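Note that the structure is predicted; figures quoted are calculated from it, not measured. Sequence lines set the chain letters: A, B, ... in the order given, protein chains first and strands last, and positions in each chain run from 1.
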Amino acid sequence: MHEKFLKPYNPKETEERIYELWNESGFFNPDNLPERHQEPFSIVLPPPNATGTLHVGGALMIVIEDIIVRYKRMKGYKTLWLPGTDHAAIATNSKVEKILHKEEGKTRHDIGREAFVLKVEKFVEENRGALKYQISRIGASLDWSREAFTFDEKRNLAVRTAFKKMYDAGLIYRGTRITNWDPKGQTTISDDEIVYTERPSKLYTFKYSKDFPIAISTTRPETKLGDTAVAVHPNDKRYQKYIGQTFKLNFAGADLELKVVADEIVDIEFGTGALGVTPAHSQIDAEIALRHNLPSIQVINEYAKIKLPIPGLEGVKTIVARETIVAWLKKNDLLIKEEDITQRISTAERTGGIIEPLPKLQWFVDVNKPINNRDGKTLKQLMYDAVAGGRIIILPERFEKEYFNWINNLRDWCISRQIWYGHRIPVWYRKDEVFVGLDKPDGSDWEQDPDTLDTWFSSGLWTFSALGWPEQTKDLKTYHPTDILETGYDIIFFWVARMILMSEFLLGKIPFKTVYLHGLVRNQKGEKLSKSLGDNIDPLSITDQYGTDALRMALIVGVGPGSDSKLGPDKLKAYKNFANKLWNIARFVLSQERNGKLDKELIDEFNTLTKDITSDMENYRFYIAAEKIYAYLWHRFADEIIEKSKKHPEYNATLYYIFENSLKLLHPFMPFITEEIWSSFAKATDGQARLLMIEPWFTPSEVEGPSI
RNA sequence: GCGCGGUUAGCUCAAUUGGUAGAGCGCUACAUUGACGUUGUAGAUGUUGCAGGUUCAAGUCCUGCACCGCGCACCA
């Protein structure tokens, strides 16, 4: 017996060595797998943010995918798991801006676009290495030779190509719309990047002036400086007589011309049943304005300050302006009511800035335009059909409903951002000319659009851009559509839906066959782990303390797809003990001579277990499979079968047989310790050193003869 | 408002298509220098949130309710 078994299992000493062994074997790369691996199987890694560090949620993602990939590889598939990182435009941009401000007290505008982008790129490069190390420590059997980055040369070509194709099909347009403006990040964001928070607020009911006959309610009196109409419901008897009339008046220093219009969208029950229409600062109001051909007055600028040249208000922050106007209303005896309400505030996901709806000239993806070469279907329909038609399965199933619900409410996707780090929009302008193409057109005076693209635009291409698209590579033909997309349920809209959109339109194919969604990992109190709370546990510190295999088990066991889980020391300790138990089982088995014949009854029992576990693996019930092999090894094999063999050495051959094959079943879950133990057993069996990682998955075979 | 999930042992959670409610941690007692960073043996704690219904049989299916959480919409 190897003397290593005389000491307790030491994960620290083992893990890096084993990972190196796997890496050097070349088997992470499907091209190097033995002959029996023919049928392809592929997963692309959801690329973690290049500037971030791996958190426990990221570790869960790695673990689930590694389990799937290791299982498929052992089953004999030509298995590719493709790694990459995401440039995460807004997140990275704002992170570097923060650092710049902290270290040099400067903004990006102080140092200029070029210098800023260089700074970001340097920062990203430094971080990617650290991230890659973290991922490998979790045991990820990723093919690093194919590593991609959402912002490298090839992916940039993919982005430009995608933009051009969509533009040519009329699916991308430029227009002035009410957008979600983030005053803090100084950029627009998409609807999905908004996070709602509740806060106490006041609902003011007032009259614009003494002579104006209708009172209205608002939570934002300061925007009323830009009102151009008052809308009422066509059936509302109270206001019938005013419909169509126009009133000129002065409101807090602003000269307003208010037309009374009738619109179905107005809720008779709300407030006074009349709605002050501010076309420049409300989505709904802009729609009303469009229907009634109303002018639009912009009140607020990009810094959330009053833009109008009104003495005492110009340049004042919106919140201050609100107080000023309320005071003016009170002074002029126009304020009728002031109620306390809870208001839902829109904030920007990345910066926390309060969203200011502003009319801006931006680029959009049209989700409702019929597409010629897709039977006149819209992008919305393409997204819908892929899932509704069963070509893509979402697990757990309930998320399919959320997916459909999201699509039904989907509006055009704003894809341009005013930040500097990201894929530059491939559009050039010269006077009144607009050129959309892969590269700058010939001739002078062309200027490229200063904006960059929403990071999810490039992420949406990931399943095929990572495989080389637009070039028709061998990898693309072999591995696309990918088999499984595994990610957190929190980015189903951001990412999963956008990938389906892009792949369906650009390739006419689904990007993946199955979507497996995992839940959030929470701390022991059940709170969401967040960086701001400071409890964002580094998975590597857990690995150091308990071993990676224990971390993997603790993350997996008892956690079904889509459900949130808690991670605490108790669970980690339990699986650390299991690793040690396994180590001692190995020590005991190795100390026995391989005597006797196989016992039919015990082998039959083990065969049944194997069939169960295999079926669990095939049906994505990893959390159950892991628990079964754990319970069997400890409480059946160690507690009963080994104990029995102590009095009956003729069982020893059976011990070897079951334990060696158990290592295969356990390997996807606890790859390090099983590989380490296997190395001692493989030699004991036939003197050949083989990696457990590419051993064929155990297939039950009948044992002849009676039980011992 | 529309929709989804949860409610099971002191705690954290399982229970694959309906078939005697389980695990880990914790707790109690006993054993043990044992292959074991201990581990093993035995044990206690449950009207599976509440009220009905279907069924030979319900944690699981149906109806209603309560509480916790989430998504989307509205948010003047």
Side-chain angles (χ1 to χ4, degrees), chain A residues 1 5-10 191-192 196 198 201 203-205 215-221 223-224 227 230-232 265-267 269-278 281-285 288 341-346 396-410 489-490 492-493 519-520 522 524-526 528 553-554 557-560 562-592 612 615-616 618-621 623-625 627-628 630-631 634-635 638-640 642-643 645-646 655:
Chain A
M1 197 202 310
F5 285 109
L6 298 177
K7 284 188 239 161
Y9 177 59
N10 184 336
D191 295 346
D192 300 286
Y196 296 101
E198 296 211 325
S201 178
L203 181 68
Y204 302 97
T205 302
I216 61 143
S217 299
T218 185
T219 51
R220 300 197 61 191
T223 64
K224 301 290 107 183
D227 281 14
V230 167
V232 298
I265 204 164
V266 179
D267 180 2
E269 305 293 322
F270 190 94
T272 62
L275 161 67
V277 182
T278 322
H281 299 290
S282 157
Q283 183 75 39
I284 299 277
D285 293 10
I288 295 174
I341 57 158
T342 350
Q343 198 190 13
R344 269 179 73 181
I345 304 272
S346 310
E397 211 176 330
R398 64 186 144 95
F399 284 102
E400 290 191 358
K401 283 180 187 163
E402 281 194 23
Y403 177 81
F404 294 139
N405 187 270
W406 177 82
I407 288 176
N408 289 335
N409 290 305
L410 189 61
Y489 66 74
D490 50 336
I492 180 168
F493 308 135
L520 301 170
R522 296 170 184 278
Q524 223 163 8
K525 287 179 198 158
K528 192 170 166 177
M553 285 295 274
V557 174
V559 182
S563 54
D564 296 349
S565 59
K566 289 177 193 174
L567 187 66
D570 286 354
K571 212 171 175 185
L572 288 163
K573 206 176 134 195
Y575 293 108
K576 186 191 175 185
N577 288 346
F578 178 57
N580 195 59
K581 183 75 181 179
L582 207 63
W583 195 247
N584 280 300
I585 292 173
R587 182 210 296 209
F588 180 81
V589 174
L590 282 174
S591 72
Q592 307 302 115
D612 271 9
S615 154
D616 289 336
E618 292 292 336
N619 292 291
Y620 306 97
R621 294 190 296 260
Y623 57 109
I624 298 178
E627 202 174 7
K628 275 180 187 159
Y630 164 87
W634 197 325
H635 300 297
D639 290 351
E640 295 172 1
I642 283 184
E643 288 306 316
S645 80
K646 286 179 182 170
L655 288 188

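- Across all strands, A:D639 comes closer than 4.0 Å only to sugar-phosphate atoms, never to a base (heavy-atom distances).
- Remark: B:rU63 base-pairs with B:rA51. Criterion, Watson-Crick or G-U wobble with two distances under 3.5 Å.
- For A:D192 and A:D267, each mapped to the nucleotide of RNA chain B holding its nearest heavy atom, the one lying further toward the 5' end belongs to A:D192.
- If you check every strand for non-hydrogen atoms under 4.0 Å, A:Y489 touches nothing.
- Listed for the A:K571 side chain is a donor-acceptor partner under 3.5 Å among the backbone atoms of A:V557.
- Of the candidate nucleotides B:rU16, B:rA35, B:rA15, B:rA15 has the atom lying nearest to any side-chain atom of A:Y623.
- Within 4.0 Å (heavy atoms only), A:T278 reaches no atom of the nucleic acid at all.
- Contact annotation: the side chain of A:T218 never approaches that of A:L203 to less than 4.5 Å [non-hydrogen atoms, C-beta and beyond].
- Rounded to whole Å, the separation between the P atoms of B:rU17 and B:rU55 comes to 23 Å.
- With hydrogens and angles ignored, the 3.5 Å screen pairs no side-chain donor or acceptor of A:D285 with any backbone N or O of A:H281.
- Annotation: B:rG10 and B:rA44 have their P atoms spaced 14 Å apart (nearest Å).
- Of the listed nucleotides (B:rA35, B:rA14, B:rU41), B:rA35 has the atom at the smallest distance from the side chain of A:N584.
- To the nearest 0.5 Å, atoms CG (A:N405) and CD (A:E400) are separated by 13.5 Å.
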Polar atom pairs (N or O), protein with nucleotides 3-11 of chain B, under 3.5 Å:
none

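- Base-pair partner of B:rA31: B:rU39 (Watson-Crick or G-U wobble, both distances under 3.5 Å).
- Separating the C1' atom of B:rU7 from that of B:rG19 is a span of 24 Å, rounded to the nearest Å.
- As judged by a 4.0 angstrom heavy-atom cut-off over every strand, A:Y403 is placed among residues making no nucleic acid contact.
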Where protein sits on nucleotides 17-30 of chain B, one letter per nucleotide: B base, S sugar-phosphate only, - none, heavy atoms under 4.0 Å: -------SS-----
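- Nearest to the side-chain atoms of A:I284 among the listed nucleotides B:rU41, B:rU16, B:rC75 stands B:rC75.
- Between the side chains of A:N580 and A:Y575, no donor-acceptor pair is found at a separation under 3.5 Å.
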Full working for side-chain contact (heavy atoms from CB on, under 4.5 Å) between A:W583 and A:K581: CA-CA 5 Å; A:W583 195 247; A:K581 183 75 181 179; over 6 Å; no
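- A:R587 forms no cation-pi arrangement with A:F5, by the criterion of a distance under 6.0 Å to the ring centre and an angle within 45° of the ring axis.
- B:rA9 is unpaired under the criterion used here, namely a Watson-Crick or G-U wobble arrangement in which both key atom distances are under 3.5 Å.
- Taking the side chain as every heavy atom from C-beta outward, A:V277 and A:D227 never approach each other to under 4.5 Å.
- Residue A:I642 is the one, among A:I265 and A:I642, whose nearest nucleotide of RNA chain B lies closer to the 5' end (criterion: closest heavy atom).
- Annotation: B:rU45 and B:rC70 have their C1' atoms spaced 33 Å apart (nearest Å).
- When atom types are taken as modelled, the side chain of A:D616 and the backbone of A:R621 share no donor-acceptor pair closer than 3.5 angstrom.
- A 3.5 Å limit on both hydrogen-bonding distances identifies B:rG1 as the Watson-Crick or G-U partner of B:rC72.
- When the nucleotides B:rA35, B:rG71, B:rA73 are ranked by their closest atom to the side chain of A:R344, B:rA73 comes out on top.
- When both pairing distances are held under 3.5 Å, B:rU45 makes no Watson-Crick or G-U pair with any nucleotide shown.
- Below 30°, between 30° and 60°, or above 60°: for A:F578 and A:W634 the angle between ring planes is below 30°, a parallel geometry.
- On the P atoms, B:rU12 is 33 Å away from B:rG53, given to the nearest whole Å.
- Comparing B:rG24 with B:rC61, their P atoms sit 27 Å apart, to the nearest whole Å.
- When heavy atoms are screened at a 4.0 angstrom cut-off, A:A638 is found touching base atoms of the nucleic acid.
- For the pair A:K646 and A:F588, the cation-pi criterion (under 6.0 Å, within 45° of the ring axis) is fulfilled.
- Pair check for B:rG19 finds B:rC56; Watson-Crick or G-U wobble, both atom distances under 3.5 Å.
- With P as the reference atom, B:rG5 and B:rU41 are 40 Å apart, rounded to whole Å.
- Separation of the P atoms belonging to B:rA15 and B:rU20 is 16 Å when rounded to the nearest angstrom.
- B:rA14 is unpaired under the Watson-Crick or G-U wobble criterion, no partner having all donor-acceptor distances under 3.5 Å.
- The phosphate of B:rG37 (OP1 or OP2) has a side-chain N or O of A:N580 nearer than 4.0 angstrom.
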